Peer 1: 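My structure is below; once you've seen it, I'll send some questions.
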Amino acid sequence: MRMGYACIVTELNDLPKNQRVTTNRSMIKKTFTSKGVDYASEMALLNCRDLMKILIWNSQNQFDFFRMSSNMFPWASEYNISDLKHFEEIASVLKECGDFAKDNDIRLSFHPGPFNKLCSSDERILKNTIKDLETHGEIMDLMGLSRTHFNKINIHVGGAYGDRQKASEVFCRNFDKLSDSVKSRLTVENDDRASLYSTKDLFSMIYEKIGVPIVHDIHHHGFCTGGIGQEEAMKIAISTWGKITPVVHYSESRTKEYENVKENAHSDYIYEKIECFDLDVDIMVEAKKKEKAVQKYRKDHLSS
DNA sequence: CCAGGTCAAGGGAGT
DNA sequence: ACTCCCTTGACCTGG
């Protein structure tokens with residue numbers, strides 16, 4: 001069982017700016033407009049170089065599961081990676097990252113943002129979504145990562161528009177418009193609101209139609225059960241993965257740590273022993289303190 | 001260095 | 001109609 005965390009190594013991120021290691025260098029629109037795509041290219045190269053440092057840190061700290069940031073290429077919707085000024089060096093660094101991950105058995109994944117709406121019937125929104133997803137696939141291809149759900153690109157369906165069944169059908173139709181680079185890696189995650197998609201919904205509306213595996217988020221399930229329990233939902237999700245080890249997401253409510261916060265907001269750390277019903281899964285921990293939350297969990301629950 | 005205000009995208013929920 | 005939140009806070013400006 002792997003345990004991973006998302007996008008940021010706080011230990012390396014919370015350093016003075018000139019020593020900081022991060023893959024999240026970005027910029028506001030005004031800066032992108034004034035400094036242009038070559039500046040974005042510079043930022044992307046720095047981000048990719050730091051990805052390598054983060055992977056090394058992971059291997060030195062017994063982490064074999066990591067979610068890469070979608071911010072590695074700022075304003076990626078506005079250009080093709082292969083047209084960037086620093087493309088050759090970027091490609092070379094990314095290949096090194098991918099090779100390192102494989103040599104050290106680190107599972108890498110992506111979780112593109114909430115603006116991806118593969119269920120949209122609006123051509124412009126769909127076009128933006130496909131562009132973003134293809135960028136994620138291209139990065140993984142450049143890294144030489146497998147075109148399997150081991151290196152998943154995980155998204156939510158993205159909307160219901162008042163009719164889940166109908167929206168999910170649009171999602172399935174649009175899935176066909178993606179390249180193999182994305183199709184082979186795409187997974188869907190259950191939502192944290194009853195009006196959206198439960199794990200059970202995803203099974204019948206997505207998996208049974210197009211074979212896209214389900215990432216079961218244990219925390220989200222509490223807000224959108226689909227009328228079934230945690231164990232049943234997890235088993236349904238896990239049945240969709242074939243030979244690849246399934247991923248489940250885990251987090252706890254921020255209300256455990258702070259007052260006047262939303263029930264479904266994520267906590268800094270996690271406290272309870274994660275119940276996996278003896279299933280073989282990899283766990284992506286979504287807690288604000290990132291790697292520190294996993295380290296604390298290991299100390300509390302896994303050390304002997 | 002720091003604090004405070006601001007920031008692409010789409011949908012949903014709360015006000 | 002407006003604001004906040006979501007995968008992941010980070011950027012920018014003025015002091």
Side-chain angles (χ1 to χ4, degrees), chain A residues 4-10 12-35 37 39-40 43 46-47 50-51 54 66-79 108-133 135-136 152-164 167-168 170-171 174 186-197 215 217 219-220 223-224 247 249-251 254 260-266 268 284-291 293:
Chain A
Y5 61 97
C7 305
I8 294 166
V9 187
T10 65
L12 302 177
N13 193 60
D14 300 342
L15 291 171
K17 208 168 182 183
N18 57 341
Q19 302 169 46
R20 184 174 299 162
V21 178
T22 178
T23 62
N24 290 338
R25 293 176 187 82
S26 65
M27 67 197 82
I28 61 172
K29 187 174 187 176
K30 194 170 89 177
T31 306
F32 181 64
T33 305
S34 65
K35 298 199 175 182
V37 69
Y39 181 66
M43 294 301 107
L46 293 176
N47 285 337
D50 278 2
L51 175 61
I54 286 173
F66 178 70
R67 179 189 297 168
M68 296 187 285
S69 168
S70 292
N71 278 359
M72 275 202 294
F73 288 82
W75 292 89
S77 56
E78 305 303 310
Y79 53 81
L108 295 177
S109 66
F110 268 132
H111 195 340
F115 303 108
N116 285 282
K117 307 290 178 190
L118 202 54
C119 63
S120 178
S121 299
D122 180 321
E123 286 213 19
R124 185 183 55 86
I125 294 166
L126 178 62
K127 187 163 162 278
N128 293 344
T129 297
I130 291 174
K131 168 72 174 168
D132 194 34
L133 293 177
T135 297
H136 286 83
K152 73 190 157 55
I153 299 174
N154 178 51
I155 59 173
H156 291 262
V157 174
Y161 308 105
D163 186 343
R164 265 181 291 223
S168 68
V170 176
F171 183 101
N174 289 337
L186 200 72
T187 61
V188 285
E189 176 180 345
N190 58 314
D191 289 294
D192 66 354
R193 275 169 294 176
S195 63
L196 294 170
Y197 300 82
V215 171
D217 186 309
H219 187 223
H220 290 177
F223 306 95
C224 182
V247 172
H249 287 179
Y250 186 82
S251 58
R254 195 164 185 74
N260 303 319
V261 292
K262 291 191 173 174
E263 186 72 28
N264 53 2
H266 292 178
D268 288 336
M284 174 54 61
V285 174
E286 296 180 328
K288 297 259 178 209
K289 293 297 183 185
K290 307 298 179 184
E291 88 285 1

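A, B, ... follow the sequence lines: proteins, then strands. Residue 1 opens every chain. Nothing here was measured: the structure is a model prediction, and the numbers come from that model.
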Peer 1: Rounding to the closest angstrom, what is the interatomic distance between C:dC2 and B:dC7 at atom P?
Peer 2: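 Approximately 15 Å lies between the P atom of C:dC2 and that of B:dC7.
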Peer 1: Considering residues at least two apart in sequence or located in another chain, which fulfil the side chain to side chain donor-acceptor pair (under 3.5 Å) criterion with A:E291?
Peer 2: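 Here the qualifying residues are A:T10.
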Peer 1: Determine the Euclidean distance between corresponding P atoms of C:dC11 and B:dG10; express it in Å to zero decimal places.
Peer 2: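 After rounding to an integer number of Å, I get 23 Å for this pair.
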Peer 1: Please list, chain by chain and in numerical order, all residues satisfying ring pair (Phe, Tyr, Trp, His ring centres under 6.0 Å) with A:H219, sequence neighbours excluded.
Peer 2: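 Applying ring pair (Phe, Tyr, Trp, His ring centres under 6.0 Å) to A:H219 gives A:F223, A:H266.
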Peer 1: Under the salt bridge (Lys or Arg N to Asp or Glu O under 4.0 Å) definition, can you give me all pairs with a residue in residues 188-197 of chain A, not counting sequence neighbours?
Peer 2: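 Pairs touching residues 188-197 of chain A that pass the test: none.
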Peer 1: How would you list, by chain and number, every residue that makes a side chain to side chain donor-acceptor pair (under 3.5 Å) with A:T187, sequence neighbours excluded?
Peer 2: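 Partners of A:T187 by the side chain to side chain donor-acceptor pair (under 3.5 Å) criterion, ordered by chain and then number, come out as A:N154.
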Peer 1: Taking all heavy atoms of A:S195 and all of A:A160, pick out the closest pair and write down the distance.
Peer 2: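 Of all heavy-atom pairs spanning A:S195 and A:A160, the closest is O-CB, 3.8 Å.
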Peer 1: Hey, where on DNA chain C does chain A first and last touch, going 5' to 3'? Cut-off is any atom under 4.0 Å from a heavy atom.
Peer 2: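 Taking any atom under 4.0 Å from a heavy atom of chain A, the span is C:dC6 to C:dT13.
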Peer 1: With a non-hydrogen cut-off below 4.0 angstrom, is A:H220 in contact with a base, only sugar-phosphate, or nothing?
Peer 2: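 Touches sugar-phosphate only.
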Peer 1: Expressed as a whole number of Å, how far does the C1' atom of C:dC4 sit from that of C:dG9?
Peer 2: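 Straight-line distance between the two C1' atoms is 15 Å.
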Peer 1: Please classify the nucleic acid contact of A:E189 as base, sugar-phosphate, or nothing, using heavy-atom distances under 4.0 Å.
Peer 2: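 The answer is nothing, as A:E189 stays clear of every strand by at least 4.0 Å.
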Peer 1: What interatomic distance, in whole Å, is found between P of C:dC5 and the corresponding atom of C:dA10?
Peer 2: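 It works out to 16 Å between them.
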Peer 1: Quick one: on DNA chain C, does A:F32 or A:C7 contact a more 5' nucleotide (nearest heavy atom)?
Peer 2: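 Nearer the 5' end of the strand: A:C7.
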Peer 1: Applying side chain to side chain contact (heavy atoms under 4.5 Å, CB included), can you list everything that pairs with A:K262, at least two apart in sequence or on another chain?
Peer 2: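 Partners of A:K262 under the side chain to side chain contact (heavy atoms under 4.5 Å, CB included) test: A:N264, A:A265.
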Peer 1: May I ask you to say what A:S26 touches in the nucleic acid, namely base, sugar-phosphate or nothing, with a heavy-atom cut-off under 4.0 Å?
Peer 2: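 It contacts sugar-phosphate atoms only.
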Peer 1: Would you sketch DNA chain C in dot-bracket for me? Only Watson-Crick or G-U wobble pairs with both distances under 3.5 Å count, crossing pairs as [ ], other-strand pairs as |, the rest as dots.
Peer 2: ||||||..|||||||
Peer 1: The criterion is side chain to side chain donor-acceptor pair (under 3.5 Å); which residues satisfy it with A:S70, sequence neighbours excluded?
Peer 2: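 Applying side chain to side chain donor-acceptor pair (under 3.5 Å) to A:S70 gives A:H136.
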Peer 1: State whether A:R254 and A:E263 are salt-bridged, where the test is any N-O pair (Lys NZ or Arg NE/NH1/NH2 against Asp/Glu carboxylate O) under 4.0 Å.
Peer 2: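 Looking at A:R254 and A:E263, the cut-off is not met.
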Peer 1: Who pairs with A:F115 by ring pair (Phe, Tyr, Trp, His ring centres under 6.0 Å), at least two apart in sequence or on another chain?
Peer 2: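 Testing A:F115 for ring pair (Phe, Tyr, Trp, His ring centres under 6.0 Å), a comparison that skips the adjacent residues, returns none.
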Peer 1: For residues 24-33 of chain A, which residue pairs pass the side-chain hydrogen bond (donor to acceptor under 3.5 Å, both in side chains) check, not counting sequence neighbours?
Peer 2: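 Counting only pairs at least two positions apart or across chains, the side-chain hydrogen bond (donor to acceptor under 3.5 Å, both in side chains) contacts touching residues 24-33 of chain A are A:N24-A:S69, A:R25-A:N47, A:R25-A:D50.
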Peer 1: Mark up nucleotides 3-15 of chain B, 5' to 3', with B wherever a protein heavy atom is under 4.0 angstrom from a base atom, S wherever such an atom reaches only the sugar-phosphate, and - elsewhere.
Peer 2: -----BBBSSS--
Peer 1: Using the test side chain to side chain donor-acceptor pair (under 3.5 Å), find all partners of A:N174 that sit at least two apart in sequence or belong to another chain.
Peer 2: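 If we apply the side chain to side chain donor-acceptor pair (under 3.5 Å) test to A:N174, skipping adjacent residues, the hits are A:K177.
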Peer 1: When rounded to the nearest Å, what value does the distance between P atoms of B:dA8 and C:dT3 take?
Peer 2: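 15 Å, rounded to whole Å.
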Peer 1: Applying a 4.0 Å non-hydrogen cut-off, can you work out what A:K290 is touching in the nucleic acid: base, sugar-phosphate, or nothing?
Peer 2: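 Counting heavy atoms under 4.0 Å across all strands, the contact made by A:K290 is with sugar-phosphate only.
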